[in-house]
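Letters A, B, ... are given to chains in the order of the sequence lines, protein chains preceding strands, and every chain is numbered from 1.
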Number of protein chains: 2
Amino acid sequence: MINKPLSTLETHLGYWLRMVSNAVSHSFGRKVEAEGVTVAEWVLLRMLYDVDRSAPSLLADHMGMTRGAISKLAERLLEKGLIERAPSAEDKRAHTLALTSGGRGLVPRLAALADANDLAFFGGLTAGERQQLEHLLRKIASERSLIDMPVD
Amino acid sequence: MINKPLSTLETHLGYWLRMVSNAVSHSFGRKVEAEGVTVAEWVLLRMLYDVDRSAPSLLADHMGMTRGAISKLAERLLEKGLIERAPSAEDKRAHTLALTSGGRGLVPRLAALADANDLAFFGGLTAGERQQLEHLLRKIASERSLIDMPVD
DNA sequence: TATTGTTATACTCTATAACTATA
DNA sequence: TATAGTTATAGAGTATAACAATA
């Protein structure tokens, strides 16, 4: 009896995705390390930059993390003086997180590093290819309800 | 003076890549957990399935990990009885790792789970889109020398 | 001295679950 | 009882560095 040939690692898109994503994130992690933060911290800081003030539970939803994980992340950012925590007026159980002025000043520098990292990895693609890639990733994300945003 | 608008998280391909890749790997991790292994362990097992026997340092190179990390991974697989370690005949410093019969029997079941996971995430794309995505990821990987393989 | 591999240490990321304070 | 948040615990993943044996 002949064995059915096994699918290889390389036949799975998940394999390529993981390899490239790990390389991109790792490279970005090295860059932001110079500013004293991690990739997950950058995402949280960037979100707070837009909303000014947010409940940890909302951030957890947006980042796809548990509340416990957000607490731990927030604790580190508090220690670094990049965010501040305040009690909510209406609901005494609730807190809000916001950037400190130091945190607010840091975000543009981190954004520049993110821009540079993206360019380093995807600058070799044509504009059309980059658009294709974004379209495909958004499509998968929206199909799996990874985000609440529209594909286009 | 007007502030230059900041790039958002969503303008970075690295952001989308990380989001989708994390979801795919996490989902796969849940699946293989039922067979008692992790994603990284699956990759190592699958590699050994093809080569029969390999030095830890070679596996480290192929997987983009340090030798220390491979040692730790190998230690867990040894404890689970899925691989075996043997001294090398020529070089007494060197070891080789190989699948046990139990490990060899497990790989096809894990491969089926990998197939299913890929289908669940990328089955919504057309065949052309999947090919596009693979092409783009391979292109980035080869440009950054993440692998020693050709793009096509 | 250089190399192969292991071991020790440390830190991030993340989850689960127990807990506290409020609702 | 249910909810917001924190804290405790644990394990994966990974890196760096110290170490042992051999080359």
Side-chain angles (χ1 to χ4, degrees), chain A residues 18-19 21-33 35-45 53-80 83-98, chain B residues 18-19 21-33 35-45 53-80 83-98:
Chain A
R18 177 169 169 267
M19 172 183 286
S21 174
N22 283 352
V24 173
S25 285
H26 188 254
S27 164
F28 183 47
R30 290 290 195 161
K31 288 188 171 78
V32 295
E33 193 180 17
E35 296 283 0
V37 299
T38 66
V39 175
E41 288 168 6
W42 145 251
V43 174
L44 201 160
L45 292 172
R53 217 155 243 303
S54 175
S57 54
L58 285 180
L59 291 168
D61 290 345
H62 284 306
M63 292 180 67
M65 293 168 70
T66 62
R67 277 172 297 162
I70 290 288
S71 268
K72 198 169 163 182
L73 208 53
E75 193 195 325
R76 282 210 311 272
L77 291 168
L78 284 163
E79 277 168 13
K80 292 175 188 173
I83 67 173
E84 61 188 14
R85 184 151 51 192
S88 169
E90 316 90 58
D91 186 336
K92 286 186 180 170
R93 292 171 304 181
H95 293 178
T96 62
L97 301 176
Chain B
R18 178 170 168 267
M19 171 184 286
S21 174
N22 283 352
V24 173
S25 285
H26 188 255
S27 163
F28 184 47
R30 289 290 196 162
K31 288 187 172 78
V32 296
E33 193 180 14
E35 297 281 0
V37 298
T38 66
V39 175
E41 288 168 7
W42 144 251
V43 173
L44 201 161
L45 291 173
R53 230 162 230 299
S54 175
S57 56
L58 285 181
L59 291 168
D61 290 345
H62 284 305
M63 293 180 66
M65 294 167 69
T66 61
R67 276 171 299 161
I70 290 289
S71 268
K72 197 171 161 181
L73 208 53
E75 191 195 326
R76 283 211 309 273
L77 291 168
L78 284 163
E79 277 167 13
K80 292 175 186 173
I83 66 173
E84 60 187 16
R85 183 151 54 192
S88 170
E90 315 88 58
D91 187 335
K92 284 186 181 171
R93 292 172 305 182
H95 294 178
T96 62
L97 301 176

B/Lys80 side chain vs B/Gly36 backbone, donor-acceptor pair below 3.5 Å: yes
Sugar-phosphate, base or nothing in reach of B/Ser57, heavy atoms under 4.0 Å: sugar-phosphate
Protein-nucleotide distance (A/Asp61, atom CG; C/dT14, atom P), rounded to Å: 15 Å
Lys/Arg-Asp/Glu bridge criterion (N-O < 4.0 Å) met for A/Glu84, A/Arg53: yes
Contact check, side chains of A/Val24 and B/Arg18, non-hydrogen atoms, under 4.5 Å: no
B/Ile70 CD1 to C/dT7 C1', straight-line distance once rounded to whole Å: 16 Å
Whole-Å distance separating the CE atom of A/Met63 from the C1' atom of C/dA15: 15 Å
Separation of D/dA8 C1' from A/Glu75 CD (nearest whole Å): 12 Å
Interatomic distance, B/Met19 atom CE to A/Ser21 atom OG [nearest 0.5 angstrom]: 11.0 Å
Between D/dA20 (P) and B/Asp91 (CG): distance, integer Å: 19 Å
Protein-nucleotide distance (A/Arg93, atom CZ; D/dT7, atom P), rounded to Å: 18 Å
Sub-4.5 Å side-chain heavy-atom contact between A/Ser27 and A/Lys31: yes
Shortest non-hydrogen contact from A/Thr38 toward A/Val32: C-CG2, 4.0 Å
Gap between atoms CG and C1', on A/Leu44 and C/dT12 respectively (whole Å): 15 Å
d(CD, B/Glu79; P, C/dT7) in whole Å: 11 Å
Protein-to-nucleotide contact annotation, 5' to 3' order, nucleotides 10-16 of chain D [B base; S sugar-phosphate only; - none; under 4.0 Å, heavy atom]: B-SBBSB
